[in-house]
Amino acid sequence: MTFTIEHLDNEVLTGRQYKFAIPKTPEDFIEVNNQKLEILPTELNSVRAIIINDPDGSNGTYKYLIENSEGNRTFEIAAGDYAVFVGPWETLADIDQFIGACYGELYQSSEYGIGGTNNIQLLDFKHGKITLKLPAISK
């Protein structure tokens with residue numbers, strides 16, 4: 001698995017935010033993914049979503065913001081370098097596995113490391129493709 005580095009400028013996204021328990025078992029992943037299927041706008045060709053992990057204040061949860069111009073929450077994407085991974089998906093479980101593999105790949109990189117706890121997902125429903133952007137720092 002390879003990645004490219006892309007520099008992003010500050011950007012504020014508006015969307016709808018949801019809170020999920022951090023899955024600890026395979027059954028938990030299934031439950032969270034079923035909940036996500038209920039809220040993802042799969043009728044659109046694609047959607048951008050942000051996973052917001054705050055290990056200090058999460059109390060075992062994470063936030064999931066789905067971009068939507070009529071949303072009631074905002075999230076600022078910090079300027080910086082992001083490792084960009086692209087892959088196929090058919091189910092949300094595929095996305096979970098892909099995200100884990102991408103974090104592993106970035107962690108093992110000799111040039112870059114993991115630079116934050118949030119990730120940006122562009123979910124292409126029409127073509128079954130995910131573009132994942134992980135904050136990256138030079139080693």
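The structure presented is a predicted model; accordingly, all values stated were derived computationally and were not measured. Note that these values count all heavy atoms, side chains included, but never hydrogens, waters or copies made by symmetry.
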What are the two closest heavy atoms between [X] and [Y], and how far apart are they?
X	Y	answer
Ala21	Val32	O-CG2, 3.7 Å
Pro135	Gly116	CB-N, 3.7 Å
Tyr103	Ile114	CD2-CD1, 3.7 Å
Glu6	Val84	OE1-CG2, 3.5 Å
Tyr82	Leu8	CD1-CD1, 3.5 Å
Leu106	Ala83	CD1-CB, 4.0 Å

Item to complete: From the options Ile120, Asn118, Thr14, Val12, select the one residue that forms a side chain to side chain contact (heavy atoms under 4.5 Å, CB included) with Phe75.
Response: Asn118
Item to complete: Give a yes or no on whether the ring-centroid distance for Tyr18 and Tyr64 is below 6.0 angstrom.
Response: no
Discussion item. Is a donor from one side chain sitting under 3.5 angstrom from an acceptor on the other, for Asp96 and Asn33?
Written reply: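 A donor-acceptor contact under 3.5 Å links the two side chains.
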Distance in Å, [X] [atom1] paired with [Y] [atom2], rounded so as to fall on 0.5 Å steps:
X	Y	atom1	atom2	value
Thr131	Gln121	OG1	CD	10.5 Å
Gln35	Leu40	CD	CG	12.0 Å
Leu123	Ser46	CG	OG	8.5 Å
Ile39	Asn34	CD1	CG	12.0 Å
Cys102	Phe3	SG	CZ	10.0 Å
Gln97	Trp89	CD	CH2	13.5 Å

Heavy atoms from other residues, nucleotides or ligands near [atom1] of [X] exceed 12 (cutoff 6.0 Å):
X	atom1	answer
Glu70	CD	no
Glu76	CD	yes
Lys139	NZ	yes
Lys63	NZ	no

Should [X] and [Y] be regarded as members of a common hydrophobic cluster, given that ILVMFWY residues are connected when their side-chain heavy atoms come within less than 4.5 Å of each other, either directly or indirectly?
X	Y	answer
Leu65	Ile51	no
Phe29	Ile22	no
Leu44	Leu122	no
Phe20	Leu132	yes
Leu37	Phe98	yes

Worksheet entry | Side-chain (Asp9) to main-chain (Ala79) donor-acceptor, under 3.5 angstrom |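 Answer holds: no.
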Worksheet item: How far apart are the C-alpha atoms of Glu105 and Phe85, what are their side-chain angles, what is the distance that settles it, and do they pass the side chain to side chain contact (heavy atoms under 4.5 Å, CB included) test?
Response: CA-CA 10 Å; Glu105 185 74 21; Phe85 299 85; 3.9 Å; yes
Worksheet item: Salt bridge or not for Arg48 and Glu11, using N-O below 4.0 Å?
Response: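 Counted as a salt bridge, because a side-chain N and a carboxylate O are separated by less than 4.0 Å.
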Worksheet item: Do Ile66 and Val47 have side-chain heavy atoms sitting under 4.5 Å apart?
Response: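 When only atoms from C-beta onward are counted, Val47 and Ile66 do touch, with a gap below 4.5 Å.
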Item to complete: Kindly indicate, with the supporting measurements, whether the criterion side chain to side chain contact (heavy atoms under 4.5 Å, CB included) is fulfilled by Ile50 and Ile77.
Response: CA-CA 9 Å; Ile50 310 290; Ile77 297 174; 4.1 Å; yes
